[in-house]
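Below you will find the structure I want to go over with you.
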Amino acid sequence: MSYLTHLECSGCGQRFDVHVIQTFCPACQAPLVALYDLISARQQLDRDEFRTRVAGMWRWRELLPVLDPLHILYLGEGDTPLLPVPRLGSKLGLSSLYVKDESLNPTGTFKARGLSAAISKAKELGVKRVIIPTAGNAGGAMAAYAARGGLQAHIFMPKDTPLANIEESRIAGATVILIDGLISEAAGMAGEKARREGWFDVSTFKEPYRAEGKKTMAYELAEAFGWKLPDVIVYPTGGGTGLVAMWKAFAEMDALGWLEEQARPRMVAVQADGCAPVVKAFDAGQPFCDFWTNAHTAASGLRVPKSFADQLILKALNESHGTAIAVSDDEILAAQQQLAYLEGIFAAPEGAATLAGLIKLVESKWIKPHEKIVLFNTGTGLKYLHQDCH
Amino acid sequence: MPYKVLYIEDNPDNMQLVQRAMEAKGYKFLAAATGLEGLKVAEEQRPNVILLDINLPDIDGYEVARRLRDTSVGGMLYVPIIAITANALKGDAEKALEAGCDLYMSKPINIRELWLRVQAFLPKVD
């Protein structure tokens with residue numbers, strides 16, 4: 001059983017019922033956050049028992065939003081490898097460097113976790129038609145889970161989205177509309193169609209449950225490290241769901257009494273210098289991002305001119321004493337080669353961006369040689385083979 | 001004398017939401033449902049900040065911004081304009097800024113952010 005109790009507006013704190021479809025707060029238009037009865041969960045759940053369950057992110061189901069397990073749409077998501085990368089670490093002078101390799105998820109990216117949770121929950125609540133704007137990978141993942149659940153799927157994506165994303169969505173039965181614009185324009189179109197025709201909009205943070213799927217990355221990480229969290233997490237940040245979700249998960253683990261040590265990681269958001277609204281806002285000490293005009297980068301997942309959850313991203317960075325850093329496309333491609341050459345990991349450009357960011361943070365001594373660091377590779381490089389950069 | 005905020009927007013739901021938000025902060029709220037009406041209200045009422053939808057039924061928001069910035073329409077050259085759009089067309093943000101808007105926000109409008117954005121354009125009161 002899930003310990004989910006209610007949703008709460010991240011802006012005004014208003015409570016919302018989890019037994020009906022919710023999007024974002026109608027009063028202040030901020031994202032909703034799923035909350036659980038962690039007091040009961042603390043009394044009744046044994047963290048070590050989770051390890052004995054069938055692998056996958058749904059082994060954390062008590063802390064996920066689906067109330068009836070019969071509604072879970074499972075394709076094998078979660079429990080991705082946490083790989084030590086000693087050759088790369090040695091090159092950078094780091095003694096404890098890891099890559100959490102999300103490319104082994106269904107559809108080849110971390111988006112599977114969020115969409116598995118969101119589409120499962122949507123199905124549980126009776127949703128029949130789902131719509132999403134995407135930079136690419138979320139569309140592919142949504143199409144797969146919608147197919148699995150028998151839901152109709154409609155996807156808006158930029159026309160220069162990697163071919164793999166377009167094809168994987170179409171083969172799963174989704175209607176794909178390619179637009180002359182970025183994810184921000186796709187979001188406008190998806191929102192309009194959703195309002196006009198009654199589709200359920202699964203945009204980042206415009207529904208509350210994608211973040212819940214993503215938070216399982218943090219549970220896996222904590223478990224793998226013996227419930228002692230790493231010092232630094234380096235995360236590619238477009239919409240920022242994973243970063244916000246992991247920060248939320250660390251607080252949950254604390255409330256559950258599962259952590260061996262209280263210290264939480266410093267969260268690092270890595271963006272491309274052609275689209276770095278979070279970096280700009282973080283450096284300026286702003287609580288929200290300005291819309292980034294003329295956004296461009298080969299890392300399509302990072303082409304997000306302004307995240308709907310920008311305030312939550314910046315809050316997590318500030319609370320964790322983390323930072324935000326921008327890297328160039330050339331640095332991303334060089335990092336992608338290094339990851340493959342030294343460690344055999346063919347990372348997506350977004351994942352490779354974390355290594356590019358790490359290199360800068362080591363050079364600036366923001367990261368110390370002995371610290372335990374986790375880079376998130378959010379997807380497989382195989383999905384980007386048709387891009388000009390290759 | 002409260003600061004005046006004009007919202008030029010044809011969607012009644014958005015209008016109502018923003019009206020509540022602005023009045024909650026003590027601003028005098030002025031509404032216009034078309035571009036031309038917005039220009040008229042702006043000239044007559046001299047708002048301190050203008051919130052401007054782009055997709056309007058008569059002239060679009062870019063044209064409204066351009067006319068507001070026209071030096072022949074006295075006094076509106078420097079009034080802060082925040083473009084607020086559903087962002088469904090390529091380059092909305094860039095075009096809005098080129099037309100003379102000071103800032104671009106996409107819908108759905110986060111009200112806390114809107115409060116802070118409007119406040120930032122207003123003179124500080126001791």
Side-chain angles (χ1 to χ4, degrees), chain A residues 9-14 23-31 133 156 158-160 177-196 201 203 205-206 275 277 281 284 286-296 304-312 314-315, chain B residues 7 9-25 51-56 60-62 65 80-121:
Chain A
C9 172
S10 60
C12 66
Q14 193 180 335
T23 55
F24 48 86
C25 177
C28 66
Q29 310 218 76
F156 286 97
K159 65 181 181 187
D160 58 349
I177 306 293
L178 299 177
I179 65 147
D180 183 18
L182 300 176
I183 189 173
S184 44
E185 283 93 21
M189 291 179 189
E192 179 58 31
K193 189 175 172 69
R195 277 188 298 277
R196 205 175 53 235
D201 187 349
S203 301
F205 278 109
K206 289 180 187 163
C275 184
Q286 284 186 198
F288 40 72
C289 297
D290 292 334
F291 191 95
W292 190 275
T293 53
N294 300 310
H296 61 91
V304 182
K306 179 176 165 78
S307 168
F308 188 57
D310 55 348
Q311 296 181 50
L312 296 177
L314 290 161
K315 188 164 174 268
Chain B
Y7 189 19
E9 163 71 89
D10 62 328
N11 180 312
D13 294 337
N14 290 337
M15 184 66 88
Q16 195 179 28
L17 177 77
V18 172
Q19 177 168 4
R20 273 205 304 266
M22 292 297 111
E23 289 177 349
K25 288 291 176 188
L51 311 178
L52 177 61
D53 183 32
I54 295 299
N55 191 16
L56 293 166
D60 64 25
Y62 308 127
I81 304 173
I82 302 177
I84 300 175
T85 86
N87 193 50
L89 295 170
K90 187 183 183 186
D92 266 357
E94 291 80 0
K95 283 189 215 159
L97 298 178
E98 277 168 21
C101 296
D102 296 277
L103 193 73
Y104 174 87
M105 291 177 73
S106 58
K107 294 174 184 172
I109 313 154
N110 184 304
I111 294 302
R112 285 157 68 90
E113 179 178 347
L114 184 63
W115 279 335
L116 291 167
R117 298 286 193 184
V118 169
Q119 192 181 34
F121 279 120

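These values consider heavy atoms only, across backbone and side chains, with no hydrogens, waters or symmetry-generated copies. Naming convention: chains lettered A, B, ... in sequence-line order (proteins, then strands); numbering from 1 in each chain.
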Taking every heavy-atom pair that is under 4.5 Å apart, which of A/Leu182, A/Ile179, A/Asp180 has the most such pairs with chain B?
A/Asp180
Only pairs of heavy atoms separated by less than 4.5 Å count here; which of B/Leu103, B/Leu97, B/Ile109 has the most with chain A?
B/Ile109
Between B/Gln16 (side chain) and B/Asp13 (backbone), is there a donor-acceptor pair under 3.5 Å?
no
Using atom types as modelled and distance alone, determine if a side-chain donor or acceptor of B/Asp102 lies under 3.5 Å from a backbone N or O of B/Ile81.
yes
Given a strict heavy-atom distance threshold of 4.5 Å, which part of A/Ala27 is in contact with chain B: side chain, backbone, both, or neither?
backbone
Okay, B/Leu114 and chain A: the region with an atom under 4.5 Å from a heavy atom over there is neither
Please examine the side chains of B/Asp92 and B/Tyr62, heavy atoms only from C-beta on, and report whether any two atoms are closer than 4.5 Å.
yes
Between chain B and each of A/Gly181, A/Pro287, A/Cys28, count heavy-atom pairs under 4.5 Å; write down the option with the most.
A/Cys28
Look at atom NZ of B/Lys107 and say whether more than 12 heavy atoms of other residues, nucleotides or ligands are closer to it than 6.0 Å.
yes
Is it the side chain or the backbone of A/Pro133 that comes within 4.5 Å of chain B heavy atoms, both, or neither?
neither
Less than 4.5 Å to any heavy atom of chain B: does that hold for the side chain of A/Asp310, its backbone, both, or neither?
side chain
Okay, A/Cys289 and chain B: the region with an atom under 4.5 Å from a heavy atom over there is backbone
Most heavy-atom pairs under 4.5 angstrom with chain A, which of B/Asn110, B/Leu116, B/Ile111?
B/Asn110
B/Asp10, CG: over 12 other non-hydrogen atoms inside 6.0 angstrom
yes
Output all residues satisfying salt bridge (Lys or Arg N to Asp or Glu O under 4.0 Å) with B/Arg20, sequence neighbours left out; order by chain, then residue number.
none
Which region of B/Leu17, side chain (C-beta onward) or backbone (N, CA, C, O), has a non-hydrogen atom less than 4.5 Å from a non-hydrogen atom of chain A, or is it both or neither?
side chain
Which answer fits A/Phe156, side chain, backbone, both or neither, if we ask what part of it has an atom under 4.5 Å from a heavy atom of chain B?
neither
Sorted by chain and number, sequence neighbours left out, side-chain hydrogen bond (donor to acceptor under 3.5 Å, both in side chains) with B/Glu98 holds for none
Sub-4.5 Å side-chain heavy-atom contact between B/Ile82 and B/Met105:
yes
